[in-house]
2 protein chains.
Amino acid sequence: MKLLDIGEVAERSGVAPSALRYYEDLGLITSAGRKGLRRQFGVEVLLQLSLITLGKAAGFSLQEVAGMFGKDGQPDLPRDQLHARADALEAQIRELTLLKDALRHVADCPAPSHLECPKFQKLLRAGSITAEV
Amino acid sequence: MKLLDIGEVAERSGVAPSALRYYEDLGLITSAGRKGLRRQFGVEVLLQLSLITLGKAAGFSLQEVAGMFGKDGQPDLPRDQLHARADALEAQIRELTLLKDALRHVADCPAPSHLECPKFQKLLRAGSITAEV
DNA sequence: CCTTGACCTCAAGCTGGCTTGAATTGGCAG
DNA sequence: CTGCCAATTCAAGCCAGCTTGAGGTCAAGG
């Protein structure tokens, strides 16, 4: 198995060396050994970092990402929990879509006050979050 | 205009009083005055808080939310910037959808190693984030 | 053999978004 | 008028997720 120096991993993954060390401390990734002092990583770490970066971008904490995918990159949870995660993601996607529509609306609707525009209020109220106004 | 005590705003919006004071410090919301020491808010603050909460849920910082909607709840940006925001949201939605599909896949695919499953790799590579593996 | 420079460790610091705690104020019920 | 209790201010603390800095090591090139 070809080994990569931490610097090479950093460059190819776009993740800073300090972050890689941090991830290793947390147990999210594992180095394959050392050359002298220097950490060497197997190439599979690049795929794992993709997962981590993707999960982070999706709003999950490192702990949560670690929970979804073990440090080997394999899923770590029973099927139903993975589906539950996916359901949560769908909910988040709905929220985002809502916000996106709200933004498009305020960009295009010429109404003087959006807070009073029924369409806008409807968009807001569609959110699970909305206060009891 | 009916005024609400900060406690009532907290209860109806689900936002803690300390957070409301923090938002006021940041200029995201404005209190309509005081009764003695106590902040009083106009009812429109509830709608503004919906926007703030929605924006936060969508992964935006308070500064960014403040930039999208002014402290009056009105959009603060020119149309094209609002559309740019909406485009960014769409990109984020695609990332989330990707992750969701990846999770569903690993939940259902019986392959021994997902890192080697072509479908899974394809899902990952579809992400803008993926390293040059 | 010696220098170079990328890596190492460990502790401390930083940002965002609040929460907590101590000490104080003041509207309102009795 | 008294006392309660929720609200006030201000500083400090907390968590996540890193980054930065000081001081040290070592593999490879000249």
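Below, read A as the first sequence line, B as the second, and so on, with proteins coming before strands; counting in each chain starts at 1. As a basis for the values below, the full set of heavy atoms in this structure was taken, side chains included, without hydrogen atoms, waters or symmetry mates. In this text the structure is predicted, and so the values were computed from the model without any measurement.
A side chain to side chain contact (heavy atoms under 4.5 Å, CB included) with B/S13 holds for exactly one of B/V45, B/L4, B/L49, B/T53; it is B/L49.
Of the residues in residues 15-28 of chain A, those lying under 4.0 Å from DNA chain C by heavy-atom distance are A/R21.
To the nearest angstrom, P of C/dG27 lies 15 Å from CZ of B/R39. Protein atom CD of A/Q40 is 16 Å distant from nucleotide atom P of C/dA6, rounded to whole Å.
Ranked by how close their nearest DNA chain D nucleotide is to the 5' end, A/G36 and B/L37 are led by B/L37.
Taking 4.5 Å as the limit, some side-chain heavy atom of B/E95 sits within range of a side-chain heavy atom of A/L54. Two residues are said to be in side-chain contact when any heavy atoms from C-beta on lie closer than 4.5 Å; A/V15 and A/V9 fail this criterion. No side-chain heavy atom of B/R85 sits less than 4.5 Å from a side-chain heavy atom of A/L99. Using a 4.5 Å heavy-atom threshold, the side chains of B/L103 and B/K100 count as separate.
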List the steps and the verdict of side chain to side chain contact (heavy atoms under 4.5 Å, CB included) for B/R104 and A/H83. CA-CA 6 Å; B/R104 295 252 192 250; A/H83 277 300; 3.0 Å; yes
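Residue B/R38 has no polar side-chain atom (N or O) positioned under 4.0 Å from OP1 or OP2 of C/dC28.
Here chain B contacts DNA chain D (any atom closer than 4.0 Å to a heavy atom, that is under 4.0 Å), and the contacts span D/dA6 to D/dT9 from 5' to 3'.
In this view, A/Q63 satisfies the side-chain hydrogen bond (donor to acceptor under 3.5 Å, both in side chains) rule with no residue, not counting sequence neighbours.
Distance CG/A/D87 to CD1/A/I93: 10.5 Å, rounded to 0.5 Å.
Of all nucleotides listed (C/dT9, C/dC28, C/dC7), C/dC28 comes nearest to the side chain of B/K35.
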